[in-house]
Amino acid sequence: MYIVPNHLESWVEVPAGSDFPIQNIPFGVFKTTSNPSPRICTAIGDYVVDLAILSDMSLFDDLDIAPDVFRADSLNPLMSLGKDVNTAFRKRIVELLSKDNEELKEQSWHFLHPMEKVEMLLPVKVGDYTDFYSSMEHARNVGTMFRDPNNALLPNWKHIPVGYHGRASSIIVSGQDIHRPCGQTMPLNADAPVYGPTARLDFELEMAFVIGQHTELGDTISTGEAENYIFGLSLFNDWSARDIQKWEYVPLGPFLGKNFASTMAPWIVTLDALEPFRVKGPEQDPPVLPYLQYEGDKNYNIHLSVEIETESGDKKVVCESNFKYMYWNMAQQLAHHTVNGCNVNVGDVCASGTISGPEPGSFGSMLEIAWKGTKPVQMPDGTERKFIHDGDTVRMTGHCEKDGMRIGFGEATAKVIPVKK
């Protein structure tokens with residue numbers, strides 16, 4: 001583990017309130033107009049740092065990382081090198097960018113790119129994607145709306161981190177538009193389903209963790225080992241078509257209502273960067289089975305926000321939530337995922353499920369915010385939202401803050417455009 005001291009500064013100017021001080025050093029993949037080949041990068045202030053160029057300058061030679069890792073089209077080869085190598089790699093980047101190493105500043109034009117002039121790519125090659133359902137407030141809200149309010153949680157919910165396997169191929173990077181999906185729905189009081197575009201397109205505010213080490217079939221990962229397999233976290237919007245989902249989900253769960261798109265931020269923030277922001281999770285009652293028990297603080301105090309921007313440019317923040325609310329933490333999720341011997345691979349993505357807090361302002365989906373359409377959100381341009389309209393842009397942001405230090409995740413942003421003809 002390597003935690004960058006709070007007092008450390010960089011020779012790169014970092015604006016106040018930036019997501020990317022030298023204490024962060026997240027990882028991503030980018031390309032530019034002048035050099036369209038993907039390569040891996042980090043971020044500091046308003047700049048992207050081309051790590052392939054720093055490698056060409058022999059600045060990572062002591063780490064024994066193969067040159068092709070820096071010019072990969074995903075972080076998978078880097079992640080597969082393991083925790084020790086990646087910790088040393090991040091520490092070396094900090095050394096190069098710290099104020100004590102200002103001689104590198106004269107050569108910065110080789111490897112520093114303004115963020116607005118680069119194209120960020122999907123940071124990982126996703127082999128498999130698992131979506132959990134681990135916010136008790138969200139599960140209780142949904143159960144209250146669609147079932148018995150007095151028995152909102154299903155009998156298994158407090159005993160296992162409920163999850164399902166989603167669609168990896170439709171995970172897209174922030175900034176890519178999504179088309180409104182079509183499917184079957186069952187109108188109220190109708191005798192037969194109809195086909196057409198969803199009328200209840202929704203976002204789901206989530207965090208995703210990325211697997212950095214593989215296991216063999218039959219292996220299990222304990223809660224104590226889990227963090228050795230987690231490379232880092234990213235913002236994640238698991239789009240949902242609620243009317244399609246409602247009609248199809250019995251008996252096998254989500255399908256077309258969920259697999260059309262999920263938006264992932266381009267930056268993966270390491271667990272080392274998040275170490276100062278650990279917090280205690282909610283009390284789990286009844287006690288969990290032994291394989292789900294854990295030691296230490298496994299939740300993280302990550303402030304999360306969702307903003308809707310209309311086609312006219314008007315914006316409104318509709319949700320302020322926090323990752324600390326998660327009832328089931330990542331270590332428990334991964335332990336449960338593998339307890340049956342399911343193998344995991346480098347690049348696999350596991351999402352938290354919708355992150356809702358205890359108050360209406362912290363609900364992580366429009367289904368909850370507008371309470372199944374009964375409490376529309378008033379927008380600044382005079383329109384209202386029960387769900388997401390064509391032309392709307394949904395922007396998710398997240399950051400940690402403590403003792404004057406801020407670590408951010410960038411954005412997971414996407415615009416909804418009409419059905420593809």
Side-chain angles (χ1 to χ4, degrees), residues 10-15 18-22 24-63 65-81 86 89-90 92-99 101-126 169 171-178 210 231-232 234-235 263-270 347 393 395 397 408-415 417:
S10 174
W11 53 261
V12 181
E13 182 181 356
V14 178
S18 171
D19 277 355
F20 306 117
I22 197 169
N24 192 342
I25 309 299
F27 291 99
V29 179
F30 83 113
K31 64 181 181 178
T32 60
T33 303
S34 59
N35 186 352
S37 299
R39 53 251 194 233
I40 69 171
C41 62
T42 188
I44 187 158
D46 295 331
Y47 293 92
V48 165
V49 183
D50 189 333
L51 298 175
I53 297 298
L54 293 183
S55 173
D56 292 344
M57 296 167 67
S58 300
L59 296 172
F60 301 127
D61 285 0
D62 291 346
L63 300 177
I65 300 175
D68 58 354
V69 169
F70 299 97
R71 286 183 163 80
D73 60 2
S74 75
L75 295 175
N76 293 36
L78 176 69
M79 295 189 296
S80 69
L81 298 176
N86 281 292
F89 180 42
R90 182 169 167 271
R92 177 61 175 151
I93 295 169
V94 171
E95 291 171 354
L96 294 172
L97 296 177
S98 68
K99 214 165 215 178
N101 199 21
E102 198 158 329
E103 62 267 21
L104 199 61
K105 184 176 183 179
E106 296 178 5
Q107 304 175 68
S108 63
W109 63 273
H110 287 293
F111 56 84
L112 278 190
H113 302 270
M115 281 192 180
E116 68 272 13
K117 293 187 177 181
V118 307
E119 180 181 349
M120 297 302 300
L121 308 176
L122 192 67
V124 295
K125 184 176 182 181
V126 185
S169 65
I171 296 178
I172 57 175
V173 71
S174 176
Q176 184 174 338
D177 296 344
I178 68 163
V210 179
F231 180 79
S234 182
L235 288 166
T263 299
M264 187 175 189
W267 298 109
I268 309 297
V269 177
T270 65
T393 297
R395 180 175 295 105
T397 57
F409 291 80
E411 295 183 359
T413 297
K415 182 178 181 178
I417 57 178

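Quick caveat: nothing in here was measured; it's all calculated off a predicted structure.
Taking S74 as the reference, N76 meet the side-chain hydrogen bond (donor to acceptor under 3.5 Å, both in side chains) condition, with sequence neighbours excluded. With sequence neighbours excluded, the residues forming a side-chain hydrogen bond (donor to acceptor under 3.5 Å, both in side chains) with K99 are E9, listed by chain and number. In this view, E13 satisfies the salt bridge (Lys or Arg N to Asp or Glu O under 4.0 Å) rule with no residue, not counting sequence neighbours. Remark: F20 pairs with W267 by the ring-ring contact (aromatic ring centres under 6.0 Å, His included) rule, at least two apart or across chains. Not counting sequence neighbours, the partners of R395 by the salt bridge (Lys or Arg N to Asp or Glu O under 4.0 Å) test are E307, E309, E411. Annotation: side-chain contact (heavy atoms from CB on, under 4.5 Å) contacts of P15 (sequence neighbours excluded): S18, D46. With sequence neighbours left out, S234 forms a side-chain hydrogen bond (donor to acceptor under 3.5 Å, both in side chains) with no residue at all. Taking D62 as the reference, nothing meets the side-chain hydrogen bond (donor to acceptor under 3.5 Å, both in side chains) condition, with sequence neighbours excluded.
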Tabulate below the donor-acceptor pairs under 3.5 Å that side-chain atoms of residues 50-58 make, not counting sequence neighbours, or state none.
| unit_1 | atom_1 | unit_2 | atom_2 | d |
| --- | --- | --- | --- | --- |
| D50 | OD1 | A52 | N | 3.0 |
| D50 | OD1 | I53 | N | 3.3 |
| D50 | OD2 | R39 | NE | 2.9 |
| D50 | OD2 | R39 | NH2 | 3.4 |
| D56 | OD1 | R71 | NH1 | 3.1 |
| D56 | OD2 | R71 | NH1 | 3.4 |
| D56 | OD2 | R71 | NH2 | 2.7 |
| S58 | OG | D61 | OD2 | 3.4 |

For residues 103-126, which side-chain N or O atoms pair as donor and acceptor with protein atoms under 3.5 Å away, sequence neighbours left out?
| unit_1 | atom_1 | unit_2 | atom_2 | d |
| --- | --- | --- | --- | --- |
| S108 | OG | K105 | O | 2.8 |

Donor-acceptor pairs are to be reported for all side-chain atoms of residues 31-38 against protein atoms at under 3.5 Å, with residues two or more places apart or in another chain.
| unit_1 | atom_1 | unit_2 | atom_2 | d |
| --- | --- | --- | --- | --- |
| T32 | OG1 | S34 | OG | 3.4 |
| T32 | OG1 | N35 | N | 3.0 |
| T32 | OG1 | N35 | O | 3.4 |
| N35 | OD1 | S37 | N | 3.3 |

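Identified under the ring-ring contact (aromatic ring centres under 6.0 Å, His included) test for residues 39-62, with sequence neighbours left out: F60-F70, F60-F89.
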